[in-house]
Amino acid sequence: MKSAPFEHHEPESVSEAVSLLESLDDPTILAGGQSLVPMLRFRLANPDVVVDINGIDSLEYLREEDGYLKLGALARHADVEDSDLIDERYGSFADTAPLVADPQIRNRGTVVGSVAQADPKGDWGSVLIAHDGEVVVEGPDGERAIPADEFFLLPYDTTLGEEELITEARVPTPADREGSAYHKLKRKTGDYAMAGVAARLRFDDDGRIESAGIGMTAVDITNARASEAEEALEGERPSPELFEEAGELAAEASNPESDEHGDASYKERMVDVLAQRALGDAAERAGAVKRRVTQ
Amino acid sequence: MSDEREITLTVNGTEHTIEVEPRRLLVHAIREDLGMTGTHIGCDTGNCGACTVLVDGEPIKSCLMFAAQADGSEILTVEGMEDLPDAGPELHPLQEGFKEEHGLQCGYCTPGMLMAGKALLEENPDPDEEEIREAISGNLCRCTGYQNIVKAIEYAADELDDAERVAADGGALAADTAGDGGPDPADGPLYEADAGDADTFCGREDCCGGPSTDETHPGEDPPAQFDTEHMGGDDE
């Protein structure tokens, strides 16, 4: 099926894009298009005006700067997947990228576009939450940073203003003793998550957990934080028992719906298991624990 | 409202200038405006990968990109494969592989599979089976069960590797004991299932369905055990 006709604008700078968003009537922003293009074709979205930001070269970046890992709005999933910086320092990002959709879609789709889409089954929102990340937006009144916790409102609904463009997603650079991971359950390549958990752990010099972040995918109306589990972890030393407790608390905090892939109690159990695995990997990557060879 | 605009696409080395509406998908521009129907439309939803083409060397699904977004790009479609520098006199080694290894039945997915295979071999000339399965994980095949597609891509990798060796040897014949241009029987049985390798067909990950997935399955891998000696601190 074809999209309804639309006007196609291709700004070459962020300021040009923002003036277009300001002056045009109800424009839709097109980045990687891997969700939006099918929505247009099935006429689930019928914008008269599309602002295509793919020509804004200044948004093509993935770098560390000013204490943040910054992903420009045109950083594709494949850019994250191929990045040495990500491999070395950002376990959760390295885990997540190859699990998004399939290779072709990862070549076009963007991390920021996935966050903007705000599908509760999207992976990146959970990663941003676990890292206390932010989305940086540019609008008529200038720039503002929205914490991930305050960004997601409902499925496909966020606090982004109608005249604002997300230019960047960012997370603080990790401390020396910090590690993160993402575990996702899905039936096959290309599927969205049935459940997913991102975890980040920072340890103090004494080996105790100084700060913990846990974000959950596909088990609530938005990507969600497991606050009680985080509180239970902080100040403690890592152990399988502690992570079991955190897994249970994350499962309790989740609110999944039964569907054809599994009932709610099964998904809660999966949150528990995935959280324990993600915490185990995060602790190992932080250098705080050493995995015992079990075979 | 929806004015046509002029775009230039270089498809298989030939430059084409066409007028398209902004809503024109790249796959429709290739098939209908340029008349190259080798690129298929399968699912219309971005799932099946039949419409995969290479845009500036990267595999993308041409049903998920507007033609106007490809303005100025170099595009490779299945029609261009036989003219690539590494192609044989008639076909590209990947195409040969699909023929030799029965990598297709109905053939609907094949153009997309060839493009995904081409992108893989460009980046990784000697992929293992897992890497091949990952590379074609965005392409659905409802006939073959994927096994012969994997073999077809392995065949092409071997052929291209042989060709490179021949070139390096200054034209001496590469090892091909059968003399048929096919894979050497000494490389192993052609039909792994016949050789009793039950895992090939009934291993959970590629059983009857899609390409293998690499995610873990709950219940399979118990949570990690820790060595408390390495946890830091000294009050235990």
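Everything numeric in this text was worked out from a predicted model, so none of it was measured. Note on naming: letters A, B, ... go to the chains in the order of the sequence lines (proteins, then strands), and numbering restarts at 1 for each one.
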Self-check item: chain B contact via A:A78 - side chain, backbone, both or neither, heavy atoms under 4.5 Å
Solution: neither

Exercise. State the CZ-NZ distance between A:R108 and B:K61, to the nearest 0.5 angstrom.
Key: 13.5 Å

Exercise. Can you tell which part of A:L36 gets under 4.5 Å to a heavy atom of chain B, answering side chain, backbone, both or neither?
Key: neither

Quiz item: Looking at CG of A:D102 and CG of B:N47, how far apart are the two atoms once the value is rounded to the nearest 0.5 Å?
Solution: 8.0 Å

Quiz item: Can you tell me if CD on A:E12 sees more than 12 non-hydrogen neighbours from other groups inside 6.0 Å?
Solution: no

Quiz prompt | Atom pair OG/CD of B:S62 and A:Q104 - distance to nearest 0.5 Å | solution = 10.0 Å

Quiz item: Out of B:G46, B:C63, B:A116, which one racks up the most heavy-atom pairs below 4.5 Å with chain A?
Solution: B:C63

Quiz item: Tell me, side chain or backbone of B:L25 under 4.5 Å from chain A's heavy atoms, or both, or neither?
Solution: side chain

Practice problem: Mind listing the closest non-hydrogen atom pair of B:P22 and A:H8 along with its distance? | Solution: CB-CB, 3.5 Å

Quiz item: If every non-hydrogen atom of B:G138 is compared with every non-hydrogen atom of A:P103, which pair is closest and at what distance?
Solution: N-CD, 3.9 Å

Exercise. Can you measure from CG (A:L40) to CG (B:L64) and round to the nearest 0.5 angstrom?
Key: 11.0 Å

Quiz item: At a heavy-atom separation under 4.5 Å, does A:F42 approach chain B through its side chain, its backbone, both, or neither?
Solution: side chain

Practice problem: Select one option (side chain, backbone, both, neither) describing which atoms of B:A135 are under 4.5 Å from chain A's heavy atoms. | Solution: backbone

Exercise. Against chain B, label A:E244 side chain, backbone, both or neither, depending on which of its atoms sit under 4.5 Å from a heavy atom there.
Key: neither

Quiz item: When rounded to the nearest 0.5 angstrom, what distance separates OG1 in A:T189 from CG in B:L140?
Solution: 10.0 Å

Quiz item: For B:E131, does the CD atom sit with more than 12 other heavy atoms under 6.0 Å from it, leaving out its own atoms?
Solution: yes

Self-check item: Residues, nucleotides or ligands: over 12 heavy atoms within 6.0 Å of B:D126 CG
Solution: no

Quiz item: Are A:R76 and B:E58 ion-paired here, with the side-chain N under 4.0 Å from a carboxylate O?
Solution: no

Quiz prompt | Portion of A:R106 that has a non-hydrogen atom of chain B nearer than 4.5 angstrom | solution = side chain

Quiz item: Does any heavy atom of chain B fall under 4.5 Å from the side chain of A:N107, the backbone, both, or neither of them?
Solution: both

Exercise. Decide yes or no for B:F66 and A:D52: does some side-chain heavy atom of the first lie under 4.5 Å from some side-chain heavy atom of the second?
Key: no

Quiz item: Does CD belonging to B:E164 count more than 12 external heavy atoms closer than 6.0 Å?
Solution: no

Practice problem: Determine whether A:V50 and B:R23 make a side-chain contact, defined as any pair of heavy atoms from C-beta on separated by less than 4.5 Å. | Solution: no

